[in-house]
Amino acid sequence: MRIEMDKYTACVWPRLEPFLIGVLPATPPSKLSMHYLRKMACYVRTRDGCFPRLGWHMWRHIACGKLQLAEELAWLYFETFDLLMPRSAEQRLEWAEALSQCHTPKELDRQRCKLSVDTLQFLLFLYLQQLNRISLRTSLIGEEWPSPRSRSPSSSSERDTKISSQNKNWDDQAHLSFVQTHLSELLELLVEPGQLSSSGQVLRDSQLTSDALESLSLLLEGSVSHSRTVHPIHKLLSRSPLQSQAGFSKLSRSYSLQQFQGFLHQGLCLNPFGISTCSESGKKLAWALQVEGTLKKAKIFRNTHMAPPGSRLLLMSQVCKQTLAKDSEKLNNANIKLHCCSEAFIYLLSPLRSMTLDKCRNSTVVLGPVGTSVHIQSCENVRVVCVAGRLTVGGSSHCTIHALTPTRPLLFPGNVSLTLGPFHTHYPTLEDHMASVGLAVVPNLWDQPLLFGAEGSATDTGCYRFQPPSEFYPLVIPFQMEGDNCEVPWGLPADYQKAVESREKTIEDWQKTVKEAHLNKVQRRQFQALVEQKFHEWLLETGQRQELDSLLPPALTPSTSVDHWPSSHTSNSGPTVFKEQPPEQAMGRVPTVC
């Protein structure tokens, strides 16, 4: 619905990123219900060092001392909120540098205490965690402390697994419904304590300050008239006609809470840049090269040509039995979702905002640096290679993840047989891309996963293992690109580097043995044929043949699509495409005997 005021027409909608990046895709602890957040909202306004900025020291006191959360869980929420904030790449690199200089827990805590967040926005952020709760009604009226008799561990685990596989982080319809349903409580968290009754209820004549309205811009944005310019809610209401409609008083410099709430209820609408609109009217993408029979169901849409920062989306669905590679400004800082892709090899080598893999299987996904989060959900036998601000995995099985990340990988319920390994590839512009999104090579916490349960961290480590060095092989990206980066950033961990060097020595010894055998031409030819035969048998047995074959560019076929998506071949249809290497360089050299 739209709000009309003279010549102005305003639409207001929930921003995507607080839900997509800020909300953890799991059941939140019961202590983050409205019952406790209401108490926290009063507490922070009456204590020094809590308002208008909340530092780590005081949040830890509230979270651990008042809400009884584990310290690692308290830091998880604090760190996630900071990841959502619009900081420059330089600021994030400076923060990473400071953390990398911390060598003891005391030094680390001292550095963390330098971090602070907007108190009111942080309260809204904590409330948004209710998005993925199965029973919103139970949590929001203030449930009692968890009781062992009220539920069994098995039922809790099953509930958490269900949430992990059915989260609403991408569902813009759910975002709108959530805000519409809980708008009164969201606004209540922003009201000053003096505006509440003795029972904690909002008074009829309560006011909302301009500072509180600015904090609400974390969650809401909109546009005026037919303008395509998007404004945060506090800047949208800088226009006098809309201020009057929203209940602004020039005398008190504040808004009537009742009138402002009515204004929002009338103006709230679906995000015009959300996944629903992108799927229905976004710009369709297609490959200039299409393999017969494999892409009939594939759907790729984007809104990056029209969406404002923070709302740039790209959706790829049902890409099957195909190698797809892209390095383009069209991907820069986009939120990308891969949905139901199978037996695919996907290389997206641009600086990205966020990445979600949902219900993919038997695929390899190699990503450029992801500034915020990479989330793997309900996937099976997927290999993911990424540099990311955060890595999260839920409800997935037999997946292998090679990551470089400054935060602890977050493992939600429902995972089975995950393998974690160090980041093990490079491409020429990788370090430039990392710098552009504020990611450094240290600290790197890929081997310090945190298991997340309904009421905090879990202790069962049976869902994952670290990749043994004996199984470790560096990944070669099979395309030629321009740039200076020619090695894995910061190198490999010692055990893995030793395994690689040992394997390289084995190859050198093999070549030396063959050379010292002094085979004649006929013998060398026969031996070469035997080695190649065994190599091709290995390609078939391991499934590597499919990836190798998909790198061979058959004759290009004309396409009528407006926006081509090049696939592993040279083309003039995109701003930047890859030139392919010979297959033996792509898969690791074909063994030779001379």
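Residue numbers run from 1 in the order of the sequence given. None of these values were measured; they are calculated from a predicted model. The analysis underlying the following values was restricted to heavy atoms, covering all of them including side chains, and did not include hydrogens, waters or symmetry mates.
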> How are the rings of F466 and Y464 set relative to one another: parallel (under 30°), tilted (30 to 60°) or perpendicular (over 60°)?
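The rings of F466 and Y464 stand perpendicular, inter-plane angle above 60°.
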> With side chains defined as the heavy atoms from C-beta onward, is the minimum distance between F412 and L451 less than 4.5 Å?
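Side chain of F412 against side chain of L451, heavy atoms only: no contact under 4.5 Å found.
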> Does the side chain of D358 come under 3.5 Å of the side chain of H339 through a donor N or O and an acceptor N or O?
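Short answer, yes.
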> Just to verify, which of R312, R302, H305 counts as forming a side-chain contact (heavy atoms from CB on, under 4.5 Å) with K330?
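Answer after filtering R312, R302, H305: R302.
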> Between H424 and H402, what is the ring plane arrangement, given parallel below 30°, perpendicular above 60°, and tilted in between?
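Plane angle under 30°, so parallel.
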> Going from SG on C340 to CD on Q318, what distance comes out if it is rounded to the nearest 0.5 angstrom?
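Between atom SG of C340 and atom CD of Q318 there are 6.0 Å.
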> Check the pair E471, R465 against salt bridge (charged side-chain N to carboxylate O under 4.0 Å, His left out), reporting the backbone distance first and the verdict last.
CA-CA 12 Å; E471 298 177 7; R465 65 164 188 157; 2.7 Å; yes
> Does a donor on one side chain and an acceptor on the other come within less than 3.5 Å for R390 and T405?
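Short answer, no.
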> Determine, step by step, whether R112 and E79 satisfy the salt bridge (charged side-chain N to carboxylate O under 4.0 Å, His left out) criterion, reporting the C-alpha distance in whole Å, the side-chain angles of both residues, the deciding distance to 0.1 Å, and the verdict.
CA-CA 10 Å; R112 287 178 173 180; E79 185 179 53; 5.7 Å; no
> Counting only heavy atoms not in R361, do more than 12 fall under 6.0 Å of its CZ?
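No, not enclosed.
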> Rounded to the nearest 0.5 Å, what separates atom CG in N169 from atom CG in N335?
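Result: 11.5 Å between the selected atoms.
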> W510 vs F527 aromatic rings, parallel, tilted or perpendicular, using cut-offs 30° and 60°?
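Judged by the thresholds at 30° and 60°, the geometry between W510 and F527 is tilted.
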> Could you tell me the separation between the CD1 atom of I336 and the OG atom of S350, rounded to the nearest 0.5 Å?
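I336 atom CD1 to S350 atom OG measures 8.0 Å (nearest 0.5 Å).
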> Take R408 and D447 through the salt bridge (charged side-chain N to carboxylate O under 4.0 Å, His left out) test and state the conclusion after the steps.
CA-CA 8 Å; R408 299 178 66 181; D447 57 350; over 6 Å; no
> With heavy-atom distances below 4.5 Å as the criterion, would you say the side chains of F345 and L324 are in contact?
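A side-chain contact under 4.5 Å is absent here.
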> Taking the side chain as every heavy atom from C-beta outward, state whether Y347 and T323 have any atom pair closer than 4.5 Å.
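Result yes, sub-4.5 Å side-chain heavy-atom pair found.
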> Given H375 and T392, is the side chain to side chain donor-acceptor pair (under 3.5 Å) satisfied, shown in steps?
CA-CA 5 Å; H375 179 56; T392 62; 2.6 Å; yes
> About how many Å separate CG of L348 and CD1 of I346, when rounded to the nearest 0.5 Å?
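Separation between the atoms: 6.5 Å.
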> For D484, I'd like to know if atom CG has over 12 heavy atoms of other residues, nucleotides or ligands within 6.0 Å.
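No, not enclosed.
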> Check whether any side-chain heavy atom of E501 lies under 4.5 Å from a side-chain heavy atom of K505, and answer yes or no.
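No, side chains not in contact.
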> With distance as the sole criterion, is a donor-acceptor pair present between the side chains of E107 and Q111 under 3.5 Å?
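There is no such pair between these side chains.
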> Taking everything shown except E482 itself, do over 12 heavy atoms lie less than 6.0 Å from its CD?
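No, the 6.0 Å shell around CD holds no more than 12 heavy atoms from other groups.
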> Can you confirm whether V393 sits close enough to I401 that some side-chain heavy atom of one is under 4.5 Å from a side-chain heavy atom of the other?
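Touching, per the 4.5 Å side-chain cut-off.
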> Determine whether V500 and Y473 make a side-chain contact, defined as any pair of heavy atoms from C-beta on separated by less than 4.5 Å.
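Contact flag for V500/Y473 side chains = no.
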> Before accepting this row, confirm whether a basic side-chain N of the pair R353/E17 lies closer than 4.0 Å to the acidic partner's carboxylate O.
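A salt bridge is present here (some side-chain N lies under 4.0 Å from a carboxylate O).
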